[in-house]
Each structure stands twice: as structure tokens, then as C-alpha cells.
Amino acid sequence: MTTIVVFVEHHSGQPVRASLECVGAARSAGGSVVAVVTGAGAENAAAALGKHGAGKVVCFGGAAQHSPDALARDCASVVKELGAKAFLAAATATGKDVAPRVAAVLDVTILSDITALASTGGGLAATRAWLGGKAIATLGSSGDVLVATTRPNVFAAQDTGGSAEVVKKNASTDGKAVVTAVEAKKAGKLDVKEAPVVVAGGRGLKAPENFALLEDLAAAFGNAATGASRAVVDAGWRPHGEQVGQTGKTVAPQLYVAVGISGAIQHLAGMRTSKVIVAINKDAEAPIFKVADYGIVGDALEVLPALTKAVKELKAHR
Ligand SMILES: Cc1cc2nc3c(=O)[nH]c(=O)nc-3n(C[C@H](O)[C@H](O)[C@H](O)COP(=O)(O)OP(=O)(O)OC[C@H]3O[C@@H](n4cnc5c(N)ncnc54)[C@H](O)[C@@H]3O)c2cc1C
């Protein structure tokens, strides 16, 4: 069976959902999954990883500080030792830091933000969006190992009910780059890349204070993050971390609600693979409606409170 090494991020031993999806991606290609975890509480992640399909968990301990280049060398050594055919990490900030470094150590190319992984008999092939999502490319790796990051919210994190063998190793400590401090983001705020529901606002919201209406809708859903178009980020209405699109984040939530966003090609590049798209725009001809599954033609400032009320009522009757 093809061995696939997956880098897993965790919070105090609890694997993040994007990493469990990454394990799911490896399994979708018929791979036997070896998870690599590092940092405090790494061993506590083993049970959850076994439950989601990892057969082995390699825990790197002993390093006082996190170093992405040392970690990349450790990950690459696991790949080489096991003769693995692929190395995967979720396309999160950390995954996008580690995976290219692993590719560099292994001297292979990096496939970013893949949306499918399949066995081709002799090897593996990954699928990713090109040209802002207008074309889909199927790619292999020119080297022996396929290194890729997986797009969050695309692959399923399956509960297989299994358990994993745990192998402990000492982490390399001679990194050139060292992370000395990590600042936790405001508690309770979901990241736009990981949230299953994204409610995003654009210039059609008219003023920064009107984003309170968008936040009310996100709060009503309970599992939603707020996103933004570049126009409102450039205007200083919203933080850059919320920007969706070609020069922002790429998201693929279960539900994407675009409010007062025209649907410029650069915005679509970041959200067109969302499962269900709802657009609210006062202009029935706005390009966003071409990619929307459901559309509401109306004034966002009137539609948003009504939608929030409806979501709250639905939740109350569940
Ligand atoms: C190199 C490059 C990279 C870029 N990267 C990105 C990117 O990453 N992300 C991104 O988003 N953009 C990006 N852009 C910018 C992009 O081209 C658009 O300018 C931007 O997406 C427009 O933002 P918007 O839809 O909020 O504003 P607008 O285009 O001004 O659209 C506002 C929309 O709101 C509607 N509206 C107005 N009033 C109301 C109301 N009361 N109720 C409901 N609807 C209303 C209007 O009908 C309109 O459709 C990039 C551009 C370039 C050149």
C-alpha cells in the first residue's frame, strides 16, 4: 500500500479539522497514513488521529521552540525513511510554511491547494484549480514524492474508529528560523478559511459600521466566519485576514453568503468552489449571481436583518 505522510497541526493535542481532512485526503487516494505531530501535547493527538484513519503517528518532541525549517527536515526524514509516495499538509498558514520547505528538502515541486488526490496505479495525481478557478488541472509530481497542501473544507474527515501506533522521536533543534511567540487570535472568532459557513461583505454594505449586520448573521449561524471583498479591505473597513479572493484567502465552505459583493473575477477565484453560494445584491445583473445557487435581489441593509431573524427562528425550532 502507498504510504502517505501527513503533517498534523493541533491545539493542545486536539488535531485541527483541516488536518483531519488532510488525513481524509490521503485515505481517499488509498494511502496508508503516517501522521507527523510536533509540539506540546503532540502525543495526545494520537488517539484522534487513529480514529480518523492514521495507522501510525510520529511525535517529534524535545524542541523548546518551533522552527519551520528544522520541522521540514524532520518531516522529510520520515518521508525518506518510510519510502512514502506523498507528503501532505493542510493549506493553512502553518501548512503553507512547512510543505514548501519539505518539498525543497526533498528537491521536488509543491502542488498548492489541491482539491482531489487519486491513485493512478503507478503513482498519485492531484487536482487543483487554475486561472482563478476557470480551469481544473490534474498534476503529478516530477519527483519520487508528491508534496501538496490540501484546501480546507474540501476533503472529508472520516471517523474510521481505528487506532494508531505511536512512535516518539526527538525533534531537530538546529533551525535557522525560530518562532519565538505566538499570539492567540480573539477567542471565539473563526478563521474564514476553516469555517463551514462564511458570510462575506462588500462595498454594497455602504459603511464599515454596517458590517455589524453581517456579524449578527454570522453569530446567528453559530459556526460562521465573516469575510470581505478586497474593496472593503483596501478601504480599511475590514482586516486583511478576512479578504477572500485572488490576493486574499481561498475558501471552500459548505455555505458562502456574498452580501453586496459584485462578483469580480478576482473575488470568485477565492470562493467559487464553495458548496452552496448565496448572493444578496440590489443589482439583478451583478456577476455574482452567475455563480450563485440562490440569489436575493434587494438592499443588503434590509435583507440582512430579515435573514438573521429567519436563521434564529429556524435554530430555535430545531
Ligand atoms: C490584481 C488584483 C487582485 C485582486 N484581488 C482581489 C481579491 O483577492 N478579492 C477581492 O474581493 N477583490 C480583489 N480584487 C478587486 C476586484 O477586482 C474588485 O474590485 C472587488 O472585488 C470589488 O469589491 P466589491 O464587490 O465589494 O465592490 P463593487 O465592485 O463596488 O461591488 C459592490 C456591489 O454591491 C452592490 N450593492 C450596492 N449597494 C447595495 C445594497 N444596498 N444592497 C446590496 N447590494 C448592493 C452593487 O450592485 C455591486 O454589485 C483584485 C483586483 C486586482 C486587479
Side-chain angles (χ1 to χ4, degrees), residues 91-93 95-96 112-115 128-136 149 151-154 190-195 197-218 220-221 224-253 255-311:
T92 58
K96 285 195 276 190
S112 307
D113 223 20
I114 65 166
T115 53
R128 59 160 301 199
W130 265 6
L131 303 170
K134 287 208 152 184
I136 302 293
T149 55
R151 181 176 288 190
N153 284 318
V154 170
L190 278 169
D191 188 276
V192 74
K193 258 184 102 72
E194 288 198 17
V197 177
V198 174
V199 289
R203 204 144 41 185
L205 276 168
K206 305 290 184 202
E209 55 272 21
N210 291 333
F211 276 75
L213 297 174
L214 207 68
E215 276 163 8
D216 289 347
L217 179 59
F221 277 118
T226 46
S229 71
R230 176 165 161 177
V232 298
V233 170
D234 284 353
W237 294 6
R238 301 302 290 179
H240 184 259
E242 288 191 359
Q243 186 181 317
V244 173
Q246 189 180 310
T247 43
K249 291 180 177 169
T250 303
V251 302
L255 174 64
Y256 188 89
V257 186
V259 188
I261 292 178
S262 56
I265 184 78
Q266 296 91 353
H267 187 80
L268 301 185
M271 46 64 74
R272 71 188 313 156
T273 55
S274 304
K275 306 280 180 313
V276 175
I277 298 171
V278 174
I280 302 169
N281 199 301
K282 71 171 190 185
D283 175 10
E285 302 299 321
I288 191 74
F289 287 122
K290 292 205 173 82
V291 298
D293 299 284
Y294 301 94
I296 302 173
V297 179
D299 185 341
L301 305 186
E302 289 169 14
V303 176
L304 275 175
L307 201 56
T308 303
K309 188 166 169 266
V311 171

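For ligands, and for the atoms within them, numbers begin at 1 and follow the listed sequence.
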Just distance, no hydrogens or angles: give the donor-acceptor pairs under 3.5 Å from side chains in residues 208-216, sequence neighbours left out.
| residue | atom | partner | partner atom | Å |
| --- | --- | --- | --- | --- |
| Asn210 | ND2 | Leu205 | O | 2.7 |
| Glu215 | OE2 | Arg238 | NH1 | 3.3 |
| Glu215 | OE2 | Arg238 | NH2 | 2.8 |

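Around ligand 1 you find Gly202, Arg203, Gly204, Lys206, Ser229, Arg230, Ala231, Gln243, Val244, Gly245, Gln246, Thr247, Gly248, Gly260, Ile261, Ser262, Ala264, Gln266, His267, Asn281, Lys282, Asp283, Gly298, Asp299, Ala300, each with a heavy-atom distance below 4.0 Å.
One finds no salt bridge joining Lys275 and Asp293 here, because no Lys/Arg side-chain nitrogen approaches an Asp/Glu carboxylate oxygen to under 4.0 Å. Taking 4.0 Å as the cut-off between side-chain N and carboxylate O, Asp113 and Arg128 do not count as a salt-bridged pair.
Taking 4.5 Å as the limit, some side-chain heavy atom of Phe221 sits within range of a side-chain heavy atom of Val311.
For Arg230, the salt bridge (Lys or Arg N to Asp or Glu O under 4.0 Å) criterion is met by Asp234, not counting sequence neighbours. The side-chain hydrogen bond (donor to acceptor under 3.5 Å, both in side chains) test applied to Arg272 returns no partner, not counting sequence neighbours.
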